[in-house]
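Working notes, beginning with the structure itself.
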Amino acid sequence: MLRVRKSAVGWAVALALTAAGLTPASPAAARPQPAPTIDWRPCATDTSAECGTLSLPVDWNRPRGERFDLSLARRVAKPATREGALIFGPGGPGDSGVDRVVNGSSRFSADLRARFDIVSFDPRGTGGSHPVVCARDLLARQPQLIADQAQFDAVLANNALLRADCRARTGALYDHVDTTSAARDLDAVRAALGERWLTFHGSSYGTLLGQRYAELYPDRVRALVLEATMDHSGVGTRAFLDSQAATAEGAFDEFVAWCDRSTACALHGRDFRAIWAGLHARAERGSLTDPDQAGAALAPFELSRLAHKKLYDTWRWPGLAEWIVRLEGAATTPGARALTDEAVAPYPFAVFCQDWSLPVRDYREYAGHLRRAARLAPDLRYPPALFALVTCLGTPTPVANPQHRLRVHTDVPLLLAATVHDPATGYDWARTVARQLGGHGALLTYQGWGHGSYSSSPCVQRAVDSYLIDQVVPARGASCPAVEPEV
């Protein structure tokens with residue numbers, strides 16, 4: 001293991017920039033500005049946590065223009081052991097960091113909670129931070145799968161209406177929910193907390209936030225963990241979808257193998273793949289219903305999506321098997337899905353559309369992606385992000401935060417915690433990001449399963465804690481053994 005210390009020059013540069021109110025991305029910024037403050041108060045649903053807001057610019061290129069309130073929450077460490085603040089970057093896009101802190105206080109180890117205030121937030125445009133909202137009827141028109149060129153054209157037309165509607169209902173923030181803007185928010189949070197340097201743990205989509213922050217503010221990084229890493233390099237539509245399809249199918253294969261060897265699986269000893277193929281055939285005929293949703297019809301994409309989500313944690317695996325058993329016996333007559341009276345709904349995909357450019361020219365190209373995905377993932381059949389791609393079709397390019405190779409030059413290597421059988425952010429993505437980081441990154445491999453590893457592997461937790469607390473970087477090639485699913 002390597003213990004990293006910042007150089008005196010690095011500290012001096014960071015201190016000078018902080019004192020001047022400058023960022024590395026904008027060295028010519030004007031006169032110093034006082035650090036913003038957060039008015040912390042006990043959270044309404046749990047007074048042991050504190051909630052607050054931070055006023056930030058909608059457009060960081062116009063810092064004196066329109067503003068919005070970023071919603072935050074924290075749990076404070078005991079003064080006798082406190083060393084600083086650890087900021088958690090939530091996934092999604094659309095996951096709530098506030099909920100993670102208020103309702104998930106055990107997300108980090110007792111040792112970390114004793115040494116750091118645990119702080120998180122709802123990223124701009126989501127949750128309690130001025131969420132993007134759109135007309136529910138326009139959202140309902142978006143198909144999960146596109147059937148032909150006429151429907152492809154209808155999707156493009158509806159997406160244009162949707163973008164205009166979201167912008168009208170949300171206001172100026174709609175055009176500034178990209179992760180580059182969120183990284184500038186993150187630095188404002190760091191300053192408002194009184195932290196000279198950032199200690200950060202990002203999960204899943206939150207790893208894009210960590211990567212972008214490290215690019216923009218390399219001299220302000222104290223320690224930065226990327227758990228379940230996304231690759232935001234110059235990958236195109238085909239490579240993105242292919243990686244997603246293969247990653248999801250690989251996790252499905254691991255679940256099937258567990259069912260074959262474990263009597264805790266409700267389908268143990270049965271031909272699992274034949275049962276699954278039968279469910280897909282019923283979904284295609286429109287005769288499969290979800291016992292968890294009052295008999296609502298399950299379309300093929302929704303069947304795969306729900307199963308894929310249950311692969312995220314190994315403790316969910318027994319429940320996935322039981323759900324499939326119940327699907328087998330579910331009534332074949334779909335019931336009506338309950339309608340909501342609300343005219344608008346949140347739309348976190350707006351973040352994805354501003355971070356990714358994944359164009360598809362026409363239905364012919366789209367159908368080609370589907371055929372290739374079916375070969376790569378014969379069971380799950382569809383890349384998990386396919387719906388996000390559909391809802392972003394027609395988004396003007398370039399996007400606000402386009403894909404690009406990482407350019408990170410931090411004094412402390414970023415720590416990538418990657419799972420070999422992650423169902424959502426493939427291990428290949430983590431290896432690609434590690435290669436781009438070079439000497440500015442360290443890859444810690446968990447040989448097990450699940451979307452993330454800190455909470456499921458004591459070995460990973462010890463390594464991450466050591467890095468966050470003492471800046472001890474795991475040795476090259478460091479690996480943690482798989483933990484068999486608990487039942």
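Worth knowing before you read on, the calculation uses all heavy atoms, side chains too, and leaves out hydrogens, waters and symmetry mates. Please read these numbers as outputs of a predicted model, since none were measured by experiment.
Between Arg326 and Asp292 there is a salt bridge, since a side-chain N of the basic residue sits under 4.0 Å from a carboxylate O of the acidic one. Asp465 has no carboxylate O lying under 4.0 Å from a charged side-chain N of Arg462, or vice versa, which leaves the two without a salt bridge. Using a cutoff of 4.0 Å between basic side-chain nitrogens and carboxylate oxygens, Asp260 and Arg270 are not scored as salt-bridged. Asp175 and Arg167 are joined by a salt bridge, as a carboxylate oxygen and a charged side-chain nitrogen come within less than 4.0 angstrom of each other.
Remark: the backbone N or O of Leu406 is paired with a side-chain donor or acceptor of Gln436 at under 3.5 angstrom. Using modelled atom types, no side-chain atom of His451 and backbone atom of Asp422 make a donor-acceptor pair closer than 3.5 Å. One N or O on the side chain of Thr395 and one on the backbone of Cys392 form a donor-acceptor pair closer than 3.5 Å.
Between His308 and Tyr312, the ring planes are perpendicular. Angles over 60° get that label, and only those under 30° would be called parallel. Under the 30°/60° scheme for interplanar angles, the aromatic rings of Trp317 and Phe255 are found to stand perpendicular. Between His280 and Tyr382, the ring planes are tilted. Angles from 30° to 60° get that label. In this structure, His232 and His404 have perpendicular ring planes: the angle between them is above 60°, well past the 30° mark. In this pair, Trp276 and Phe272 present their aromatic rings parallel. The plane angle is below 30°, not in the 30 to 60° band.
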**Request:** Just do the salt bridge (charged side-chain N to carboxylate O under 4.0 Å, His left out) check on Arg316 and Asp313 with the steps written out, would you?
**Result:** CA-CA 5 Å; Arg316 299 178 191 270; Asp313 304 285; 2.8 Å; yes
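For Arg407, there are no side-chain hydrogen bond (donor to acceptor under 3.5 Å, both in side chains) partners at least two apart in sequence or on another chain. Legend: residues meeting side chain to side chain contact (heavy atoms under 4.5 Å, CB included) with Thr229, ordered by chain and number and at least two apart, are Thr207, Gln211, Leu226, Leu416, Ala430, Val433.
Because its NZ or CZ atom is both nearer than 6.0 Å to the ring centre of Trp323 and within 45° of the ring axis, Lys310 counts as a cation-pi partner of that residue.
For residues 148-180, the pairs satisfying disulfide bond (SG atoms under 2.5 Å apart) are Cys134-Cys166, with sequence neighbours left out.
Across every non-hydrogen atom of Val412 and Tyr467, the tightest pair is CG1-OH, 3.8 Å.
Around atom CZ of Arg361, no more than 12 heavy atoms belonging to other residues, nucleotides or ligands sit under 6.0 Å away.
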